[in-house]
Asker: 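The structure that follows is given in the form of structure tokens.
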Amino acid sequence: MKREQFEHLCLLARLELEHGEVAEFAAKFDKLLGFVDTIQAYEAEGEGEPLVLGSQLGFRTDTKRDFEWPEDFEHDYVVPQVIDFDEGA
Amino acid sequence: MKDLLSRPAHEVLTEIEAGEVDHVALQEAQFEFAREIDPEINAFISWDERVEEQKWDLPMAREGRARFHRLPYAAKDIFTTTGLRTTAGSKILNNYVPPYDATCVAALRREKNHLMGKTNMDEFAMGSSGEMSAYGPTKNPWATDYVPGGSSSGSAAAVAACQCFMALGTDTGGSVRQPAGFCGVVGYRPSYGLISRSGLVAYSSSCDQAGIFARSTLDAALAMNTVSTPDPLDSTCQAKEDADYFGEAQRPVHWDKLRIGALKPFLDPERIDAQVLANYNASLSAFEDAGATLVELDFDLADLCLACYYIITAAECSSNLARYDGIRYGTRLDREDLQEQYVATRSAGFGAEVKRRILLGTYVLSAGYFDAYYNKARTVRKAIRAALEGWFQRVDIVATPTSPTLPFKFGERLTDPVEMYMSDLCTVFVNLTGTAGISIPNGFGEVEGQQLPTGLQLVCAPFRDSLLLRVAAQFEALTGWKYKPPAWVAVALAG
């Protein structure tokens with residue numbers, strides 16, 4: 001992995017390495033990537049599924065529904081206002 | 001009183017219940033002994049100084065079945081404990097005092113057990129040697145220049161050195177079974193969901209599972225009766241209120257009807273150390289002599305297990321550990337800019353191995369590599385689960401060595417993370433499939449004149465934990481095995 005790529009990865013992970021440790025860290029990380037890359041030897045069939053509660057994990061379809069505000073609903077929020085802006089709080 | 005400290009918990013408990021042993025005096029003797037010898041092995045990070053307060057007079061939730069109660073125990077420093085610092089072995093949590101107990105700690109508290117303290121561990125449970133703790137390495141009580149295994153290093157060492165009767169650990173890839181094997185004690189990882197994960201500092205949520213260290217399988221089963229309780233705080237918890245693991249573990253095994261599976265890759269001298277293999281073969285012979293049928297099983301995915309495991313757990317770790325930003329928990333390094341504060345806090349707070357796994361997880365979850373690594377690992381995991389289901393159509397229990405090698409010396413594997421990861425070769429398939437495994441002592445090997453323990457791992461089909469504990473307990477009885485502490489511990493106990 002190029003140094004710039006490695007530094008970008010650190011940025012994504014919100015980590016910063018000392019200047020002196022980047023080279024050693026990157027070298028070990030490359031070895032680690034080589035190790036996990038052995039998984040490419042597997043010929044995948046289908047997709048993985050959650051093992052825990054697999055069949056029970058039923059989420060409803062995310063659908064858009066029309067909604068009409070009740071006529072007597074005066075405000076556009078449900079949670080009561082706790083700060084009185086008129087009083088400059 | 002000290003002579004009781006190396007005895008099996010279930011025997012001592014019988015004497016407490018008969019009024020022959022005062023449990024408060026036992027607690028005091030245990031606490032004093034544990035503190036006296038701890039400088040030799042560094043098994044504890046924190047002691048529960050509130051020991052006086054623990055002499056509560058709370059009613060015990062006793063039921064018909066035997067429970068682990070009124071006994072001294074320890075908990076890996078990854079379980080939250082009300083008012084007692086919980087570091088997860090990390091600098092980033094060195095001042096974190098939780099406001100609540102983990103569910104299994106609360107269950108032990110309800111039964112008037114005495115928490116001795118919090119045990120040392122590899123940082124955030126990431127390690128296989130006990131060398132990755134920010135609070136110094138734990139030493140193997142059998143030979144203090146050798147590692148005790150990890151990540152629940154302190155819990156394994158504390159039970160082996162008779163600092164407590166039982167200790168809680170966590171097992172994400174073998175972190176209970178592997179150190180149990182290295183320290184010559186019993187380490188039990190229940191099927192995923194049988195002990196609530198509420199109050200465990202999360203590393204890899206789909207593999208994390210609390211486990212139990214004890215000096216016999218019956219003691220582990222007794223503890224399981226107490227800590228395995230239904231918990232609405234953990235939606236993956238599948239514990240049953242009235243399961244009696246201790247009772248089940250005492251039932252006889254019909255050896256002539258038992259089929260034991262041996263995984264072919266773990267019979268290979270190229271993968272497994274010669275002395276470990278010799279002890280493993282002797283264990284298989286003991287099963288066979290008792291009348292069990294041995295079946296050799298293929299495991300073509302053995303070599304992919306570790307890569308699959310490290311991809312999945314690193315991905316989950318990078319997500320779980322994102323919460324440590326200096327705002328909500330533990331240490332904070334103040335900076336003017338918020339992003340800089342996050343980075344500074346995390347960079348100073350995490351150790352090298354944790355950073356490595358966060359980076360790996362970030363990498364395998366990134367847009368360009370998600371399918372190539374993470375999704376691929378998920379399909380491999382599914383295939384491993386299918387293989388496991390196939391085995392258990394042919395056998396009742398699978399037996400493997402717990403670890404491919406004997407304990408190694410400090411520093412021996414620190415320069416090469418991949419070599420360190422190989423310690424988990426025989427254990428990770430259990431975590432990836434969510435099933436249960438137990439390591440029981442099966443002998444010693446010799447390195448440079450030092451006697452070092454080896455472990456036999458037994459694995460059952462998911463949620464056949466009662467059968468697993470029964471076979472393990474009856475195997476101990478069959479071979480006449482009883483725990484004897486290391487010589488220096490025995491001398492200290494006699495002193």
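Sequence lines set the chain letters: A, B, ... in the order given, protein chains first and strands last, and positions in each chain run from 1.
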Asker: Do B:Leu359 and A:Leu12 have side chains that approach each other closer than 4.5 Å (heavy atoms only, starting at C-beta)?
Answerer: no

Asker: Closest heavy-atom contact between A:Gln5 and B:Tyr369?
Answerer: NE2-OH, 4.4 Å

Asker: What do you reckon, is CZ of B:Arg464 surrounded by more than 12 foreign heavy atoms closer than 6.0 Å?
Answerer: no

Asker: Relative to chain A, which segment of B:Thr345 carries a heavy atom at a distance below 4.5 Å: side chain, backbone, both, or neither?
Answerer: neither

Asker: To the nearest 0.5 Å, tell me how far B:Lys376 NZ sits from A:Asp37 CG.
Answerer: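 CG of A:Asp37 is found 9.0 Å from NZ of B:Lys376.
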
Asker: Using modelled atom types only, decide if a donor and an acceptor are shared between the side chain of A:Gln40 and the backbone of B:Ala372 within a distance under 3.5 Å.
Answerer: yes

Asker: If you count heavy-atom pairs within less than 4.5 Å of chain A, which of B:Val364, B:Thr362, B:Leu321 leads?
Answerer: B:Thr362

Asker: Sort out for me which of B:Phe350, B:Tyr310, B:Tyr373, B:Tyr309 touches chain A most, counting heavy-atom pairs under 4.5 Å.
Answerer: B:Tyr373

Asker: For A:Lys31 and B:Asp416, indicate whether the former's side chain and the latter's backbone hold a donor-acceptor pair under 3.5 Å.
Answerer: no

Asker: Is A:Leu11 close to chain B through its backbone or its side chain, or both, or neither, when contacts mean heavy atoms under 4.5 Å?
Answerer: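 Looking at A:Leu11, nothing touches chain B.
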
Asker: Over all heavy atoms of both residues, which pair between A:Lys28 and B:Leu414 is shortest? Give the atoms and the distance, please.
Answerer: NZ-O, 3.7 Å

Asker: Give a yes or no on whether B:Lys240 atom NZ has more than 12 heavy-atom contacts from other residues, nucleotides or ligands under 6.0 Å away.
Answerer: no

Asker: What is the ring orientation for B:Tyr363 with A:Phe29, classed by angle as parallel under 30°, tilted 30 to 60°, or perpendicular over 60°?
Answerer: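 Because their plane-to-plane angle is over 60°, the rings of B:Tyr363 and A:Phe29 count as perpendicular.
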
Asker: Tell me, for B:Ala344 versus chain A, whether the close heavy atoms (under 4.5 Å) come from the side chain, the backbone, both or neither.
Answerer: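 Answer is neither: B:Ala344 stays 4.5 Å or more from chain A.
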
Asker: Determine the sole option in B:Leu306, B:Ile311, B:Asp303 for which the side-chain contact (heavy atoms from CB on, under 4.5 Å) test with A:Ile39 is passed.
Answerer: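 It is B:Ile311; the other options fail the test.
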
Asker: May I ask you to name which of B:Ile358, B:Leu360, B:Asp325, B:Leu301 has the most heavy-atom pairs under 4.5 Å with chain A?
Answerer: B:Leu360

Asker: Taking all atoms of both residues into account, what is the closest heavy-atom pair of A:Tyr42 and B:Ala383, and its distance?
Answerer: OH-CB, 3.2 Å

Asker: Pick whichever of A:Arg14, A:Glu18, A:Glu16 has the most heavy-atom pairs under 4.5 Å with chain B.
Answerer: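 Result: the option with the highest number of such pairs is A:Arg14.
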
Asker: Using a cut-off of under 4.5 Å for heavy-atom pairs, which of B:Ser347, B:Ala314, B:Cys308 has the most such pairs with chain A?
Answerer: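 Looking at each option in turn, the highest pair count goes to B:Ser347.
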
Asker: Can you tell me if A:Glu24 has over 12 outside heavy atoms packed within less than 6.0 Å of its CD?
Answerer: no

